[in-house]
There are 2 protein chains.
Amino acid sequence: MTRKQEIIDTAKTLFRQRGYKSVSMRDLAKVIDFKAASLYNHISSKEEILADIVLDVARYFTREMTIIKSLNVDAKTQLEGVINHHVDLTINNPEAIAILNNDWMHLEGKHLEDFKMMRNTYENDLRGIIIQGIEHKEITSQNIDIILFSILSTLRTLHLWYRKRSDLSENTLKKDITEILLKGILAKS
Amino acid sequence: MTRKQEIIDTAKTLFRQRGYKSVSMRDLAKVIDFKAASLYNHISSKEEILADIVLDVARYFTREMTIIKSLNVDAKTQLEGVINHHVDLTINNPEAIAILNNDWMHLEGKHLEDFKMMRNTYENDLRGIIIQGIEHKEITSQNIDIILFSILSTLRTLHLWYRKRSDLSENTLKKDITEILLKGILAKS
DNA sequence: GTCTATACCCTGATAGAC
DNA sequence: GTCTATCAGGGTATAGAC
């Protein structure tokens, strides 16, 4: 592992715990037994660390969505794919997801632009899947944006909850979340 | 409106836009055409402003949950009540909900303790309603914590989405969110 | 590549004149 | 109740010795 990776990994832990703005370069340096000035031999600014963390995840989501769209399967299967890769990432990189959610607005310039563009594209692609599901009568509910929003908010904050329940297996988690997001919870009346 | 209320209302807007840590007392003072020092004639610290905003909302949720529990109605009706008061608050005080979600960890001392206790109590009460629903066969799904988490994450982040869709009426919003959270989205197979 | 020293600015908060 | 002046500390980042 390079020094730069070590810095970024440490930053992931601290940014998640206390938030980007509350972590100083001196805090960060102290954890890896450095002086703050030395960090600048490996990274060019604090914001660059944030961008490395956040844009990496954003690119992962973009890549996975491209794959899902290319599969030519029904909407239900595509939604299952979306849920699965959110769960994967939540398990493998929960800090990065938390930081993306909470601190993306502290990105600057081109980093911020790129992030917003990827996020918009992702939301629009997911909306497209939902619309396809409604057109093909796989989805009964009609309110596209509420469906989109309720699925995304659950998936995006999964990391908050997974910390307390990391005993669950990845497969159980995927199965249960898929069931609740797609089939609902009430008995049929 | 008192001066103190004016300060808190301004803080709500700024804290929501940029995050608690990114807003300085000088920023806050500038908006209401004050010098930063003058703010301290009305409030005792920056953290007190945060606590005023966050604990107010937390107490509102606590109060509403007490009422719902006292009604002695079935689980479905109680869940509808919970959804309704989240929607109410999202419409009437979206800034406070956003700040509660993003910046509660910057509360200090007793404020932080009080907040955590109210939040825990609320989550446990909601879990109790879900358990009751499962026992009475109103709810088919068995995974209590995933149900709890998916409902809460949707309701807690509703404010993010409501900004873009504030054309919807309060009643439509309540109806549609209730339907999706409780009945799911897929056609019966 | 790490250090010390430091530049330069911003932070929350207080003292005391008016 | 608002102001000016200021404190003590902390912020990101750079210069230059080793």
Side-chain angles (χ1 to χ4, degrees), chain A residues 1-55 95 99 102-112 115, chain B residues 1-55 95 99-100 102-113 115:
Chain A
M1 186 158 63
T2 66
R3 268 280 119 101
K4 180 167 176 174
Q5 257 310 297
E6 190 183 358
I7 292 170
I8 290 175
D9 284 354
T10 307
K12 270 190 194 171
T13 307
L14 295 185
F15 290 174
R16 179 193 183 158
Q17 282 171 355
R18 317 212 299 263
Y20 173 73
K21 282 283 181 182
S22 299
V23 176
S24 72
M25 295 303 272
R26 295 193 238 264
D27 293 336
L28 185 46
K30 192 173 286 175
V31 174
I32 48 183
D33 225 35
F34 261 41
K35 297 297 167 185
S38 307
L39 298 173
Y40 289 89
N41 281 309
H42 306 281
I43 50 99
S44 68
S45 73
K46 187 186 176 189
E47 193 266 352
E48 192 209 49
I49 301 176
L50 179 66
D52 265 23
I53 296 170
V54 171
L55 294 182
E95 296 87 1
I99 295 165
N102 299 329
D103 291 315
W104 65 265
M105 78 261 274
H106 299 120
L107 292 170
E108 293 163 20
K110 186 161 183 329
H111 292 152
L112 183 58
F115 172 79
Chain B
M1 183 159 64
T2 65
R3 268 279 121 102
K4 181 167 174 174
Q5 257 311 300
E6 189 184 359
I7 293 170
I8 290 175
D9 284 353
T10 307
K12 269 189 194 172
T13 306
L14 295 184
F15 290 174
R16 180 194 183 158
Q17 282 172 353
R18 317 213 298 262
Y20 173 72
K21 283 282 180 183
S22 299
V23 176
S24 73
M25 295 304 272
R26 288 171 176 82
D27 293 336
L28 186 46
K30 191 171 286 173
V31 173
I32 48 184
D33 225 35
F34 260 41
K35 296 298 166 183
S38 307
L39 298 173
Y40 290 88
N41 281 308
H42 306 280
I43 52 98
S44 68
S45 72
K46 187 186 176 188
E47 192 266 350
E48 193 209 50
I49 301 176
L50 180 66
D52 265 21
I53 296 170
V54 171
L55 294 181
E95 296 88 0
I99 295 165
L100 181 148
N102 300 330
D103 290 316
W104 65 266
M105 77 262 272
H106 299 119
L107 292 171
E108 292 163 22
K110 185 158 184 333
H111 291 151
L112 183 58
E113 275 178 50
F115 173 78

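Proteins come first, then strands; the chains are lettered A, B, ... in the order of their sequence lines, and each starts at number 1.
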Nearest heavy atoms of [X] and [Y], plus distance in Å:
X: A:Leu28; Y: A:Leu14; value: CA-CD1, 3.9 Å
X: B:Asp27; Y: B:Arg18; value: OD2-NH2, 2.8 Å
X: A:Lys12; Y: A:Ile99; value: O-CD1, 3.5 Å
X: A:Ile43; Y: A:Met25; value: CD1-CE, 3.6 Å

What is the distance, to the nearest angstrom, from the [atom1] atom on [X] to the [atom2] atom on [N]?
X: A:Lys4; N: C:dG1; atom1: NZ; atom2: C1'; answer: 16 Å
X: B:Glu47; N: C:dA13; atom1: CD; atom2: C1'; answer: 14 Å
X: B:His42; N: C:dA13; atom1: NE2; atom2: C1'; answer: 15 Å
X: B:Lys21; N: C:dG12; atom1: NZ; atom2: C1'; answer: 10 Å
X: A:Met25; N: C:dC8; atom1: CE; atom2: P; answer: 20 Å
X: B:Glu108; N: C:dG12; atom1: CD; atom2: P; answer: 12 Å
X: A:Arg18; N: D:dG10; atom1: CZ; atom2: P; answer: 13 Å
X: A:Leu39; N: D:dT14; atom1: CG; atom2: C1'; answer: 13 Å

Quiz item: With distance as the sole criterion, do the side chain of B:Arg26 and the base of C:dG12 form a donor-acceptor contact below 3.5 Å?
Solution: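 Yes, the side chain and the base share a sub-3.5 Å donor-acceptor pair.
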Quiz item: So what does A:Arg3 hit on the nucleic acid, given a heavy-atom distance under 4.0 Å: a base, only sugar-phosphate, or nothing?
Solution: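 Sugar-phosphate: the residue A:Arg3, judged by heavy atoms under 4.0 Å, touches backbone atoms but no base.
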Self-check item: Evaluation steps, side chain to side chain contact (heavy atoms under 4.5 Å, CB included), between A:His106 and A:Phe15
Solution: CA-CA 12 Å; A:His106 299 120; A:Phe15 290 174; over 6 Å; no
Quiz item: Do side-chain atoms of B:Lys46 reach the backbone of B:Tyr20 as a donor and acceptor pair under 3.5 angstrom?
Solution: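 Yes, B:Lys46 side chain to B:Tyr20 backbone: donor-acceptor pair under 3.5 Å.
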Quiz item: Is the backbone N or O of B:Glu108 less than 3.5 Å from a side-chain atom of B:Glu47, with the two atoms forming a donor-acceptor pair by type?
Solution: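 Here the side-chain-to-backbone pair exists.
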Self-check item: Position toward the 5' end of DNA chain D (nearest nucleotide), A:Ser44 or A:Asp27
Solution: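 That would be A:Asp27.
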Exercise. Just compare C:dG12, C:dG1, D:dT12 and give me whichever is closest to any side-chain atom of B:Tyr40.
Key: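 From the listed options, C:dG12 comes nearest.
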For nucleotides 3-5 of chain C, which of its nitrogen or oxygen atoms have a protein nitrogen or oxygen under 3.5 Å away, and what is each distance?
{"residue": "C:dC3", "atom": "OP2", "partner": "A:Lys35", "partner atom": "N", "Å": "2.9"}
{"residue": "C:dC3", "atom": "OP2", "partner": "A:Ser38", "partner atom": "OG", "Å": "2.8"}

